[in-house]
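The structure appears below as structure tokens.
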Amino acid sequence: MEVRGMGNRVHEAWKEIRDEVLRSQRETGVTEPVEAVKAPNEELGHLGFPAFSLARQLRRNPNDIAAELAGRIRTGGILRSVTTAKGYVNLFLDEERLANTVLAEIFESQERFAAGGAAVPGTWLVEYSSPNTNKPLHLGHIRNNLLGMGVSRLAEYYGHNVVKVNLVNDRGIHICKTMLAYGKWGAGSTPQSAGVKGDHFVGEFYVRFDREFRKELAAYAEATGTRPEEDGFFNGPSNLGREARDLLLKWEQGDPQTLSLWKRMNEWVLDGFRKTYERMGCRFDLTQFESDTWRFGRQLVEEGVEKGVFSQREDGAVVLDVARIDPALSGEKVLLRSDGTSVYMTQDIGTAARRVDQFFPDRLIYVVGDEQNYHFKLLFGILDLLRPGTGQRCHHLAYGMVRLPEGRMKSREGTVVDADDLMDELHALAREEVLTRAREGHAHAGGVDDRELGERSERIAQAALKFFVFRFTPKKSFEYDPKQSIDFAGQTGPYCLYAYARTRSLVRKSGTEPRFDATLVPLLALPSERVLVRQLFELPLVVEKSAETLDPSKIAEYAFNLAASFARMFNDRDYPIVTCEEARLRSARVMLAAGVGITLKTTLGLLGIDVLEEM
RNA sequence: ACGCCUGUAGCUCAGUUGGAUAGAGCAGCGGACUUCUAAUCCGCAGGUCAGAGGUUCGAAUCCUCUCAGGCGUGCCA
């Protein structure tokens, strides 16, 4: 059923514009219509589209076509007038009508005013976070978590059902290394006894294992005068390596003592993760554990052999000729080892199939770093071979890694930015800022009690962190610059919070929470006010593009631009808002400011940023 | 070696299903506070869009090559 824009004034206005643009092109004989986009400046128009590509389609002069299109577009509704210029058709909107439409909808629907644009609402399954239970979360996980939550919120806002899944990697050799280190050097301590957050507590043993292993490797190299590779040493002469592998074997055989330790340590880590997730605002509808899912997929792979999709090698391994997925690829991908055991890919095939069976998702989105591009290309290809159509519904939201000024983050080398530490650091800095303002006697910073101080500092810190991460388009890697990330001026979360707080300050000073009043709309005629109205009107398009491209950075950009436009209006002393002497003009401007505030709250909310009433 | 990604202002980034004069922030310089919250605003300056060809009415955007950086090409995850 078509639900786009049902009963929503803003969506209907957009539909009206799009329909006119499309209809005019269809009636002119265009088969591949173009959409109207924002014009470069207001003198030319509010929206416009070029006729050049249409000219080619129709083998006619662009200016003639532009003129004909302009003649066919009906004005009188939200469209005020149409002009042509240099082969472009330019549209001017009826700004008073526009302000009416936008503000009426904002005050009625509040934060949902641009919601529900999806033409065909569906179910999206989003897998994100997916940590290993052997060390705390770092900045890379923060990016993953924020992207996962951001895309999920966007999809929901756009009108989809979303199932958020965390696939926790709680088994394997790396877990056993940590368990072994704890057994050897943990001395029975616990996070409680050590007074350390569970994930950090366990993480220390992961680091400890690596340190001891390197010592062992160095000693071996010294004694034998050789320079063995780490992997080779681990799987060969290393005692620690042998012990860790033994532990993995015991785990797989269900040894009660091993399982008991494993459960206890995992619980410590997960307890730590829960706190970090909670602090960041991460939620999941389903948490899967690889200790449960790692056997999935074997049956599908065996069926694949029967179907002739995969083949069994002489050594017993089941493999795929990757050229079946893409003729440009060559080689084999092992799906079952020669000893019959599963690999990572086997499991992913199984979990994907089960997710499809359980949730019937229209899209499966995997939020995973771009170093796994090849893996997902193969996975989706395999799914299409086994169950045609399944792989097509999958999408790898590949994001670039976060680099440090010194280079790549390596947890074993200790060159990571810990998630909890980073948030603590930002919190402390925000607290300093608030206190500085209180000392300097700022009206809104004085008299905050400890609880309020903590709350403000935390929201500012979270806003700074989240905005900093969301500023980058996902596919790009970025360098984490500590100095820039803690900057609270410029294109930042705190800047947006500040703008919102000022809208609220105006509302408080006006005495009442504004309601929509159509008779005030004609008073909003200043250029700065009209810019704001048009920006508010654009939100549905931004949401659409952002949701469809899985790119929350567009929302961050929008929020910042809206905040900046508001700051401009706010700073113009020639046109005061709440101190305006004419009562009706005052009300009109406060109404607009409040509408901007609601929209800032909406868009920041999509990024998981909570606003502040005062700053 | 091959594959994928990236290269835009001094720095960090937008803009890339080909469209109108390539935009922000930071840093720099110069202005605006008896504040509707200066965590703000205004102005100035800053560009061979990595380079070279090509496609066309039109290229930061598409194609080819080159250069630089990152990642990948496991019976690891």
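Predicted model, so just to flag it, every value in this text is computed and none were measured. Residue numbering restarts at 1 for every chain, and letters A, B, ... go by the order of the sequence lines.
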* To do: Quick one: label A/Ile460 by what it contacts on the DNA or RNA (base, sugar-phosphate, nothing), any heavy atom closer than 4.0 Å.
  => base
* **Rounded C1' spacing from B/U21 to B/A39 in Å** => 33 Å
* Mind checking the C1' distance from B/A9 to B/A20? Whole angstroms is fine. -> 22 Å
* For A/Gln347, answer base if it contacts any base atom (sugar-phosphate contacts may also be present), sugar-phosphate if it contacts only those atoms, and nothing otherwise; contact means non-hydrogen atoms under 4.0 Å. => nothing
* **Distance, C1' atom - from B/G23 to B/A60, rounded to whole angstrom** => 12 Å
* Asked: Say you pick atom P in B/G54 and the same atom in B/G72; how far apart are they, in whole Å?
  -> 37 Å
* Structure fact -> With the side chain defined as heavy atoms from C-beta on, A/Pro494 is closest, among B/C36, B/A39, B/U6, to B/A39
* Asked: Between A/Ile175 and A/Thr133, is a side chain to side chain contact (heavy atoms under 4.5 Å, CB included) present by the stated rule, with each step listed?
  -> CA-CA 7 Å; A/Ile175 305 290; A/Thr133 54; 3.1 Å; yes
* **Nearest-angstrom distance from the residue atom CD of A/Glu557 to P of B/U16** => 10 Å
* **No-hydrogen, no-angle side-chain donor-acceptor test under 3.5 Å, A/Gln535 and A/Ser565** => yes
* Salt bridge between A/Glu544 and A/Arg18, side-chain N to carboxylate O under 4.0 Å? -> yes
* Please work out if A/Asn169 contacts a base, only the sugar-phosphate, or nothing of the nucleic acid, heavy-atom cut-off 4.0 Å. => sugar-phosphate
* Asked: Does OP1 or OP2 of B/U40 have a side-chain N or O of A/Arg568 closer than 4.0 Å?
  -> no
* To do: Could you check whether A/Val318 gets within reach of a base, just the sugar-phosphate, or nothing at all, counting any heavy atom under 4.0 Å?
  => nothing
* salt_bridge(A/Asp315, A/Arg313) N-O dist < 4.0 Å -> yes
* To do: In plain terms, say whether A/Glu538 and A/Arg534 are close enough for a salt bridge, that is, a side-chain N and a carboxylate O under 4.0 Å apart.
  => no
* **Nearest-Å distance for atom pair CG/P, residues A/Asp370 and B/U6** => 10 Å
* Asked: From B/A77, B/C36, B/A39, pick the nucleotide closest to the side chain of A/Tyr498?
  -> B/A39
* Euclidean distance for P, B/G15 against B/U6 (whole angstrom) -> 11 Å
* Classify the nucleic acid contact of A/Asp551 as base, sugar-phosphate or nothing, counting any heavy atom under 4.0 Å across all strands shown. => nothing
* Value in whole Å for how far the P atom of B/A14 lies from NZ of A/Lys476 -> 4 Å
* **Distance below 4.0 Å between A/Lys377 side-chain N/O and B/C4 OP1 or OP2** => no
* Would you mind classifying the nucleic acid contact of A/Ser53 as base, sugar-phosphate or nothing, using non-hydrogen atoms under 4.0 angstrom? => base
* Which whole number of Å gives the distance between the P atom of B/C42 and that of B/G25? -> 8 Å
* Asked: Considering only the C1' atoms, how many Å lie between B/A59 and B/C49, rounded to the nearest integer?
  -> 11 Å
* **OP1 or OP2 of B/C36 under 4.0 Å from side-chain N/O of A/Arg586** => no
* Verify the contact: side-chain N or O of A/Arg471 to OP1 or OP2 of B/A14, cut-off strictly under 4.0 Å; return yes or no. => no
* Indicate whether OP1 or OP2 belonging to B/C41 is found under 4.0 Å from a side-chain N or O atom of A/Tyr495. => yes
* With the threshold set at 4.0 Å, does a side-chain nitrogen-carboxylate oxygen contact exist between A/Arg504 and A/Glu613? -> yes
* Under 5.5 Å and under 30°: A/Phe570 stacked on B/C36 -> yes
* To do: With heavy atoms under 4.0 Å as the rule, sort A/Tyr374 into base, sugar-phosphate or nothing.
  => sugar-phosphate
* To do: For A/Arg586 and A/Cys580, indicate whether the former's side chain and the latter's backbone hold a donor-acceptor pair under 3.5 Å.
  => yes
* Asked: Expressed in whole Å, how much space separates the P atoms belonging to B/U48 and B/U61?
  -> 16 Å
* Closest listed nucleotide, where the reference is the side chain of A/Tyr344 and the choices are B/A20, B/C26, B/A77 -> B/A77
